[in-house]
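So the structure is just underneath, and the comments pick up after that.
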Amino acid sequence: MTDLTTLLEVGGPVAALGGGAAYARAKHPGVYWSTVGLPISTARLLSSYGSVMEACGLTVAPSRLRMLAVKATTRREVRPVPPRRGIIRPTSTGLRLRLRLAPGQEPADVAASAERLRHAWGVHAVYVSTVKPGVVELRLVGFDVLRQVRMPRKVDAEFLQVPVALREDAMPFIRDYRAVPHQLTLGATLSGKSMYLRHLTAGLAPQPVALVGIDCKRGVELAPFASRLSALATEPEQAAELLPELVKEMEDRYDLIKARQGIAPDTPAEEITSDIWGLPESERPVPLVLFVDEVAELFLVATKKDEERRDEMVTQLIRIAQLGRAAGIYLEVCGQRFGAELGKGATMLRAQLTGRVCHRVNDEASAKMALGDIAPEAVTAACAIAPERPGLAVAGDTSGGWSRIRTPYLSLGDAAETCREYGHLVPDLPALKPFRPDVPVRPVEAPGPAVRPRPVAD
């Protein structure tokens, strides 16, 4: 009886501790990793590093000098040598360590064994990146960071860079307009496409750039950010008037570059290889980002007159996509589908959009429109996105690299408040003044009923 009582007294706290760990792992994975997962995975890595590397085929025969030294000092068997391991650096989401590859090894050998390393060390995922020739970095992620997205507190983002989402390897996904000037973002209804666009707008609002929007859904997506927009078109007719002004602005910037660099005025814009970043800061035009939401609305036609207007708008968009980067004009095109069935020029415009972000789509053909021509293996990953995870997407570019990302939640009110806060940064662009949206005035709250002071009683 005494032994049973002692067992119950000891088992109660142990059960409570186990239940608390299980709850933390399900509801607060970051806390569970820092307290339980990190020590366990570190111990596994340190105790089994050599044997795991040998099982994965990542060991090499020792050097002749090492073999002679082992045989001269001990009677042990000479075993293969694993890659030299660096210092283990714990993070809030996992572990990092560097490996110096042995002669004859390459980073692809380690990347091919990433799944085996994940199971051996009990982590959620293992990612391999090259630091320099002969050195790779292993990023061990302890839990699914895309289930509850928490962006890093500090992100080194420079001008025209926006940390808009979190990658599956716990690194921030940064939308860099200098590196990837134009991007296509696809996604079905309620897939998180609007949230992605919301983060972009709020991230660019504090920067000295001009923001222009084309939102043919009556402005329901971009109108809340009117205080920070230099121009906004909410109907195809308005877009048909706005796009020629943007093309004219682009041509004026090319004239400025030619005048500054002494290029002949009759030189075609296609032959000018420099850009506005070579101009002195005092003469440099402000960069301009054009958001096109629901791009299919610009392609739909009902009459012959609409078809002529459509062809003209598509031609202007293609010109901006081809020549806008050097003039500091960048495109952000969003839609649910974007293929040849939209009409003439759709495929040509898509080919100019270097960056690709594909949220959940309704069919495989839509995923192929976004990713099929740059990373065919990413199409399967895009089709596997569940409706229960809005904001999850597959991001890639024309280099062939891709990764899963997820955008954190940002309310429309918070994004609109950020745009109102930085409304004074709207640059002066005379050509776009006729398209400047009306900024709604905040209603003044009526003062509440006066509260009479009550006398202090003794």
Side-chain angles (χ1 to χ4, degrees), residues 3-56 58 82-99 110-129 131 136-155 163 165-173 381 384-386 388-392 403-409:
D3 295 340
L4 179 60
T5 304
T6 304
L7 183 61
L8 292 176
E9 291 176 353
V10 175
V14 172
L17 187 61
Y23 175 81
R25 187 173 187 175
K27 300 297 183 180
H28 305 282
V31 176
Y32 175 83
W33 168 255
S34 300
T35 56
V36 180
L38 176 60
I40 293 177
S41 296
T42 304
R44 285 177 178 174
L45 194 155
L46 292 174
S47 61
S48 63
Y49 177 76
S51 59
V52 168
M53 288 293 166
E54 185 175 1
C56 294
L58 297 176
R84 189 186 305 173
R85 175 176 53 82
I87 299 175
I88 299 177
R89 293 173 292 172
T91 66
S92 59
T93 57
L95 294 170
R96 288 188 181 185
L97 71 153
R98 292 186 177 183
L99 304 181
V110 184
S113 302
E115 190 67 14
R116 296 183 179 183
L117 300 178
R118 178 179 83 87
H119 289 285
W121 295 331
V123 294
H124 178 73
V126 176
Y127 300 94
V128 182
S129 60
V131 178
V136 297
E137 183 179 62
L138 296 184
R139 291 196 301 271
L140 282 67
V141 181
F143 55 93
D144 185 5
V145 296
L146 299 184
R147 189 176 67 179
Q148 298 176 359
V149 180
R150 294 184 181 273
M151 295 292 290
R153 294 183 179 180
K154 282 189 177 183
V155 180
L166 189 69
R167 297 191 324 200
E168 59 184 344
D169 60 354
M171 299 293 291
F173 175 74
I385 299 176
E388 296 79 16
R389 283 199 169 187
L392 190 64
S403 63
R404 294 179 181 86
I405 64 172
R406 194 178 188 186
T407 310
Y409 177 76

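Keep in mind that the numbers below use all heavy atoms, side chains included, and drop hydrogens, waters and symmetry copies.
- Annotation for Val126 and Ala114: closest pair O-CB, 3.6 Å, computed over non-hydrogen atoms.
- Taking CH2 from Trp33 and OG from Ser41, the interatomic distance works out to 4.0 Å, rounded to the nearest 0.5 Å.
- Inter-residue side-chain proximity for Leu99 and Leu58 is flagged as unmet; no heavy-atom pair is nearer than 4.5 Å.
- Arg89 pairs by the salt bridge (Lys or Arg N to Asp or Glu O under 4.0 Å) definition with Glu137, not counting sequence neighbours.
- Of the possible polar contacts, one joining the Arg406 side chain to the Pro390 backbone as a donor-acceptor pair under 3.5 Å is found.
- With rounding to the nearest 0.5 Å, the separation of CG in Leu392 from CD in Glu168 is 9.0 Å.
- Here salt bridge (Lys or Arg N to Asp or Glu O under 4.0 Å) pairs that include residues 118-129, with residues two or more places apart or in two chains, are Glu115-Arg118.
- Side-chain contact between Leu45 and Arg85 is present, with heavy atoms from C-beta onward closer than 4.5 Å.
- You'll find the side chain of Arg98 stays beyond 4.5 Å of the side chain of Ile88, heavy atoms only.
- Qualifying side chain to side chain contact (heavy atoms under 4.5 Å, CB included) partners for Ala381, counting only residues two or more places apart in sequence or in other chains: Val394, Trp402, Arg404.
- Residues passing the salt bridge (Lys or Arg N to Asp or Glu O under 4.0 Å) test with Arg389 are Asp144, sequence neighbours excluded.
- Side-chain contact between Leu138 and Leu95 is absent, with no heavy atoms from C-beta onward closer than 4.5 Å.
- Residues satisfying the side chain to side chain contact (heavy atoms under 4.5 Å, CB included) criterion with Ser51, sequence neighbours excluded, are Ser48.
- Of all the heavy atoms in Val145 and Leu166, the pair that sits closest is O-CD2, 3.8 Å.
- Panel note: side chain Ser47, backbone Arg44; a donor-acceptor pair is recorded below 3.5 Å.
- With sequence neighbours left out, Pro408 forms a side chain to side chain contact (heavy atoms under 4.5 Å, CB included) with Val149, Met151, His199.
- Shown here are the side-chain hydrogen bond (donor to acceptor under 3.5 Å, both in side chains) partners of Arg139, two or more places apart in sequence or in another chain: Ser129, Asp169.
- Residues Tyr49 and Pro82 have side chains in contact (heavy-atom distance under 4.5 Å, counting atoms from C-beta outward).
- Looking at residues two or more places apart in sequence or on another chain, you find a side chain to side chain contact (heavy atoms under 4.5 Å, CB included) between Thr91 and Thr93, Arg96.
- Put simply, SG on Cys56 and CG on Leu117 are 4.5 Å apart, with the number rounded to the nearest 0.5 Å.
- Taking every heavy atom of both residues into account, Pro152 and Pro172 meet most closely at CG-CD, 4.2 Å.
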